[in-house]
Each structure stands twice: as structure tokens, then as C-alpha cells.
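Shown next, in C-alpha cells, is the structure this report addresses.
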Amino acid sequence: MPAMVGALAGCQTGQDTAKKNPEAGYNRCIAAVAVWSITLKHETSAFMGVSQERMPSLFCQRLRDAVLSGRITASDINSLQLNQPTEIWKVIKGK
């Protein structure tokens, strides 16, 4: 999962920006996921329990919805980089 931490940091956008324009944040996330390595895409889809084809949109949708609801914040992504506990893994898994 260390590679996913770096990938999530690439999807990070300010919470205020995400709330003001969630579609733009979602589109940036999709663009970021598109350039992930095939290995990371495979690992992420396996972690989420979805197909590789469905993973990018579902991954970004889950992150967007969690940010909009306040379930996760930018500090959660920062916590990942510091190897601290966060709800983000549950969000990505869809729990």
C-alpha cells in the first residue's frame, strides 16, 4: 500500500476547492489515476474488490463523496504520508 499513499497524495485537492467544484476535483482525480502504473491500478482494484475498468471512477467517486460529506479531509491524506491512522482506507474499500 505504500505506492497507494503516494498516489493518493497526487489526488489531493483542497477540501474547500473540492466542495466548491466537486466535478473538477473528480476529473483531476480521474486524470491522476489514468497515469498510475498498471501495477498500482491492479493493486488498487484488488484492494477495492472491483474490476480494473471500474476502479478509477469508483475510487475517485468514493474520495469525492467522503470529502464532500466531511468524512475525510486533506489532513487524512497527510496522515497517510506520516503512517498515522486514518479513515481513508475504509473509504476506498467502500465501508
Side-chain angles (χ1 to χ4, degrees):
M1 290 292 125
M4 198 182 305
V5 172
L8 284 169
C11 288
Q12 181 179 5
T13 60
Q15 190 171 12
D16 290 337
T17 303
K19 287 185 176 184
K20 288 178 186 172
N21 192 348
E23 194 62 28
Y26 174 82
N27 290 336
R28 280 192 302 276
C29 179
I30 292 290
V33 172
V35 298
W36 288 1
S37 72
I38 191 68
T39 302
L40 181 54
K41 289 177 185 177
H42 177 74
E43 289 174 356
T44 304
S45 63
F47 178 76
M48 293 174 64
V50 299
S51 69
Q52 287 188 40
E53 294 78 23
R54 192 162 176 245
M55 182 277 295
S57 62
L58 189 57
F59 176 86
C60 294
Q61 175 187 337
R62 287 177 179 173
L63 287 179
R64 178 195 61 202
D65 293 349
V67 168
L68 291 175
S69 71
R71 185 168 178 201
I72 63 170
T73 64
S75 66
D76 288 302
I77 295 174
N78 294 335
S79 294
L80 283 175
Q81 295 172 346
L82 299 173
N83 213 20
Q84 297 173 340
T86 178
E87 287 285 308
I88 204 159
W89 299 117
K90 289 181 183 177
V91 167
I92 293 169
K93 281 199 76 86
K95 295 184 177 197

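Worth saying up front: this structure is predicted, and the values here are computed from it rather than measured.
- Heavy-atom minimum distance, Cys60 versus Ile30: SG-N, 3.5 Å.
- Side-chain atoms of Ser57 come within 3.5 Å of backbone N or O of Arg54 as a donor-acceptor pair.
- Counting heavy atoms from C-beta outward, Arg62 and Leu58 have side chains that approach closer than 4.5 Å.
- Side-chain atoms of Lys41 come within 3.5 Å of backbone N or O of Ala34 as a donor-acceptor pair.
- Residue Lys90 qualifies as open at atom NZ: its count of foreign heavy atoms under 6.0 Å is 12 or below.
- Residue Ser45 comes nearest to Gln52 through the heavy atom pair OG-CG, 3.2 Å, listed as atom of the first residue, atom of the second, then distance.
- In this structure the side chain of Glu23 reaches within 4.5 angstrom of the side chain of Arg64, judged on heavy atoms.
- Under the rule for a side chain to side chain contact (heavy atoms under 4.5 Å, CB included), the partners of Ala24 that lie at least two apart in sequence or sit in another chain are Asn21, Arg28.
- Every residue two or more places apart in sequence or in another chain was checked for a side-chain hydrogen bond (donor to acceptor under 3.5 Å, both in side chains) with Gln61, and none qualifies.
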